[in-house]
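Worksheet: the structure to be examined is printed underneath.
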Amino acid sequence: MNITLPDGSVRTYPSGVTGLQIADSISKSLAKAAVGVKIDGALSDLSLPIQKNVKLEIIRRQDDTALEMIRHDAAHVLAEAVQSLFPGTQVTIGPTIENGFYYDFARNEPFSTEDFAAIETEMQKIVERGAPFTREVWDRDEAIQYFKDKGENYKAELIQDLPVSENITIYRQGDWLDLCRGPHMQNVKQVGMAFKLLKVAGAYWRGDSSRAMLTRIYGTAWRDEAELNAYLTQLEEAEKRDHRKIGKDMGLFHLQEESQGSVFWHPHGFTIYNQLENYIRRRIQGDGYVEVKTPQLMHSRFWEASGHWSKFRENMFVVPDVVPSTEEGGKVFKEEPREFMALKPMNCPAHVQIFKQGIKSYRDLPIRMAEFGCCHRNEAHGALHGLMRVRQMTQDDAHIFCRVDQITDESIRFCNLLRAIYKDLGFEDLQVKLALRPENRAGTDENWDRAEQGLRDALDAAGLPYEDLPGEGAFYGPKLEFHLKDAIGRSWQCGTLQLDFVMPERLDAHYIGEDGQKHRPVMLHRAVLGTLERFIGIMLENYAGKLPLWLAPVQCVVATITGKADSYAEEVVRDLKSHGIRAEADLRNEKINYKVREHSLQKVPVLFVVGAREAEERTVAIRRLGSQDQNVESIAQAIEALAHQCKAPY
RNA sequence: GCCGCUUUAGCUCAGGGGUAGAGCACAUCAUUCGUAAUGAUGGGGUCGUAGGUUCAAAUCCUACAAGCGGCACCA
């Protein structure tokens, strides 16, 4: 039997040889360092007998691939530790995740972070004991019975639901065992000590909100202490970038409980907001869009027609169409409301109304109708999160009304626009996902074929790689999702492009074709940023508050060294403002060190320092954020250069 | 919405059954200073809300709310 190693060499072994034996035959130290094998690319146990010619790679503990095994094994160690410290706790599942692992437990008494020290100590003991991992294949019914007898009902349920074709594998580590697909390392010792428990959280059994709430313990594990510390430092750094903290420190916005999920934009924050909105406005004007504004509050009849009343109502804010009473201590509404209004959760039905005014010809299409639409959605309390998840949001929304034969062109056009905008905003790295037809859908298969192919063609033409998401499309059409990753590593869906054959039908939109007959237009729902709120949150985290010059709320502060330079500083600020630069003077009676520190913390990109010398020579000493260098230039020169740098990218 | 944790001055946080503390910020005064915190003095809180226990509650108990971390949902 021939085994091909990664360096291309081929060795001959008897059938049934294990990865460990092969490693041992190469060198003793390799056998000791080995944690697993890749057999034809698939990660397996070292103890697995090999029966045929394969390509084989020994995974050593120091290899990157080992991280996943270390974390998986650490999850098992966590489970053993918890069960030994808290008898009666049921184990469920414990997978690895990016940078770590978690384990879900069922226990009447929830865990708290105060239990972590004890659990970690117990985990260390288990690792020190270093029991070997052994794999066993059990009979299905016996396994179910075994776990039921132990009171491990969740495990029993898991086994019950495994496909009959699958082996029921059990991994033992000393006296403790767990149902597990594997693979595992040679022994528990190889987990090492570079692990740490991070947080507890609730999590539904099998991700189903109608089932039991389990306690999840999150942890992280690495090859050595240095890696662990680097990761913990990275977490701290990410925390510093949190847009809620930056927003507070820079005085950009606030939230308060009387309006949860709706943002109070402060002057500096709203400057960013306006800059971004105006940039998008210029971009879409340059791409053939028209801009509209539609009502905030509309009668339920309208939402019934659009389908939102039945499909989306629990996410809507509904207002009784009754005059409220001001009677002191009385009911707010004296009469029982019979009719309702609702705040719009989406702009699309309103845009159809504008489309429907007058008769449209095929020559009018496509119509690209944009709105910075302020929408309200009644999001679950637990879902709200700073600017990232709000209840009142402003979308950079537009609906493209077009003919079926224009879908591909319009999609390509949108992808190009989106990519150009993301590039301007500093996001080069985006993931595209194509959500395909769901089981429950409207429209003919022909239309779906055409719609999905149209989007694929558009992505190909735009040169965008993408991933299919089967069954994830909206009921009315397939959609493209554009995902960005923020500084904390969370992935956010921002842009979207959705094909819709249903809404024009429901709301009876039509145009007159070349043939003189009525035809249904197709609607493309699309947004680039998604919502301004979320996108600003992402920008703040991405730039750690140090926004590009054109977006910075204050672009330049003129700071004086002495009161003698006050009037000169004010003159410089006037000059800056007349060049369209957002500038402020800092004339406070403070030392220059104090001012430099404060404006640096406020992420002001450019500081003009002026003292008696500058006033005399009509110059400024320029200091840029993140640099300690300073260079002196004449005002005219400095302002002209800065004005140029402050220009928006489009 | 579900599970857990948290809630004390504008901010960050300490304290804790006998009636409230620090640093920063703010105000006043002094200082006019050359690139990441000048000094002094002073003002500021019914300790998230509502009940309960107690001679006495900011502290203990209960409920509620909000915030945070997840889950579910989602832009």
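Quick note on labels: first sequence line is chain A, next is B, and so on, each numbered from 1. Remember, predicted model here, so these are calculated numbers, not experimental data.
- Ion pairing of A/Arg206 with A/Asp161 is present here, as a side-chain N (NZ or NE/NH1/NH2) and a carboxylate O approach within less than 4.0 Å.
- Base contact: A/Lys591 has a heavy atom under 4.0 Å from a base atom.
- B/C2 is paired with B/G70 under the criterion used here, namely a Watson-Crick or G-U wobble arrangement in which both key atom distances are under 3.5 Å.
- When both pairing distances are held under 3.5 Å, B/U28 makes a Watson-Crick or G-U pair with B/A40.
- Between B/U46 and B/A36, the distance separating the two C1' atoms is 40 Å to the nearest Å.
- Heavy-atom contacts from other residues, nucleotides or ligands closer than 6.0 Å to NZ of A/Lys433 number more than 12.
- Using atom C1' as the reference point in both B/U12 and B/G4, the two lie 24 Å apart (nearest Å).
- Backbone-only contact: A/Ala203 has heavy atoms under 4.0 Å from sugar-phosphate atoms and none from a base.
- Separation of the C1' atoms belonging to B/U8 and B/G21 is 10 Å when rounded to the nearest angstrom.
- Comparing the P positions of B/U6 and B/G48 gives an interatomic distance of 13 Å, to the nearest angstrom.
- For B/C5 and B/G18, the P atoms lie 25 Å apart once the distance is rounded to whole Å.
- In terms of polar N and O atoms assigned as donor or acceptor, the side chain of A/Glu614 comes within less than 3.5 Å of the base of B/G34 in a complementary pairing.
- For B/A36, the OP1/OP2 oxygens have a side-chain nitrogen or oxygen of A/Asn593 closer than 4.0 Å.
- Taking 4.0 angstrom as the limit, A/His385 places a side-chain polar atom (N or O) nearer than this to OP1 or OP2 of B/G69.
- You'll find the side chain of A/Tyr231 reaches within 4.5 Å of the side chain of A/Thr220, heavy atoms only.
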Listed pairs, N/O of protein and of nucleotides 72-75 of chain B, under 3.5 Å:
| unit_1 | atom_1 | unit_2 | atom_2 | d |
| --- | --- | --- | --- | --- |
| B/A72 | O2' | A/Ser209 | OG | 3.4 |
| B/C73 | O2 | A/Arg389 | NH1 | 3.4 |
| B/C73 | O2 | A/Arg389 | NH2 | 2.6 |
| B/C73 | N3 | A/Arg389 | NH1 | 2.9 |
| B/C74 | O2 | A/Arg389 | NH1 | 3.0 |
| B/A75 | O3' | A/Gln493 | O | 2.9 |
| B/A75 | O3' | A/Arg534 | NH1 | 3.3 |
| B/A75 | O2' | A/Gln493 | O | 2.6 |
| B/A75 | O2' | A/Arg534 | NH1 | 2.4 |
| B/A75 | N6 | A/Glu379 | OE2 | 2.7 |
| B/A75 | N6 | A/Val390 | O | 2.7 |
| B/A75 | N1 | A/Val390 | N | 3.3 |
| B/A75 | N1 | A/Val390 | O | 3.2 |

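- Between A/Tyr594 and B/A25, a side-chain N or O to OP1/OP2 separation shorter than 4.0 Å is present.
- With A/Arg241 contributing its side chain and A/Glu541 its backbone, the two residues share a donor-acceptor pair below 3.5 Å.
- Between A/Ala621 and A/Glu590, the residue anchored nearer the 5' end of RNA chain B, judged by the nucleotide with its closest heavy atom, is A/Ala621.
- In this structure A/Glu152 satisfies the side chain to side chain contact (heavy atoms under 4.5 Å, CB included) test together with A/Gln83, A/Gln90, A/Val91, A/Phe147, A/Lys150, A/Lys155, sequence neighbours excluded.
- Within 4.0 Å of A/Ile592, counting heavy atoms only, lie sugar-phosphate atoms of the nucleic acid but no base atom.
- Atom P of B/A14 sits at a distance of 23 Å from the matching atom of B/U19, rounded to the whole Å.
- Rounded to the nearest Å, the gap between the C1' atom of B/A50 and that of B/A58 is 15 Å.
- Across all strands shown, B/A58 remains unpaired; no Watson-Crick or G-U wobble contact has both distances below 3.5 Å.
- Salt-bridge formation is not detected for the pair A/Arg389/A/Glu533: no Lys NZ or Arg NE/NH1/NH2 atom is positioned less than 4.0 Å from an Asp or Glu carboxylate oxygen.
- A/Arg244 places its CZ atom 16 Å from the P atom of B/C11, with the value rounded to the nearest Å.
- Put simply, CZ on A/Phe101 is 16 Å from P on B/G70, counting in whole angstrom units.
- Position along RNA chain B of the nearest nucleotide to A/Met213 versus A/Arg623 favours A/Met213 as the more 5'-ward residue.
- Pairing for B/A65 is with B/U7, a Watson-Crick or G-U wobble pair whose two hydrogen-bonding atom distances lie under 3.5 Å.
- Per the geometry, CZ belonging to A/Arg107 stands 14 Å off C1' belonging to B/C3, to the nearest Å.
- Atom P of B/A25 sits at a distance of 26 Å from the matching atom of B/A20, rounded to the whole Å.
- Remark: A/Glu616 CD is loosely packed, at most 12 non-hydrogen atoms of other residues, nucleotides or ligands lying under 6.0 Å away.
- Results of the ring pair (Phe, Tyr, Trp, His ring centres under 6.0 Å) test with A/Phe535 over A/Phe427, A/Tyr273, A/Trp492 single out A/Phe427 as the only residue that passes.
- Rounded to whole angstrom, the span from the CD atom of A/Glu257 across to the C1' atom of B/U49 amounts to 9 Å.
- Under 4.0 Å is where a charged nitrogen must lie from a carboxylate oxygen, and between A/Asp249 and A/Lys603 no such pair does.
- The distance from atom CD of A/Gln628 to atom P of B/G34 is 17 Å, rounded to the nearest whole Å.
- Within the nucleic acid shown, A/Tyr102 has no heavy atom closer than 4.0 Å to any nucleic acid atom.
- A/Ala527 comes within 4.0 angstrom of nothing in the nucleic acid, heavy atoms only.
- Within the nucleic acid shown, A/Lys248 comes within 4.0 Å of sugar-phosphate atoms alone, with no base atom in reach, counting heavy atoms only.
- The base-pairing partner of B/G21, taking Watson-Crick or G-U wobble contacts with both distances under 3.5 Å, is B/C13.
- Nucleotide B/A37 holds its C1' atom 14 Å from the CD atom of A/Gln602, rounded to whole Å.
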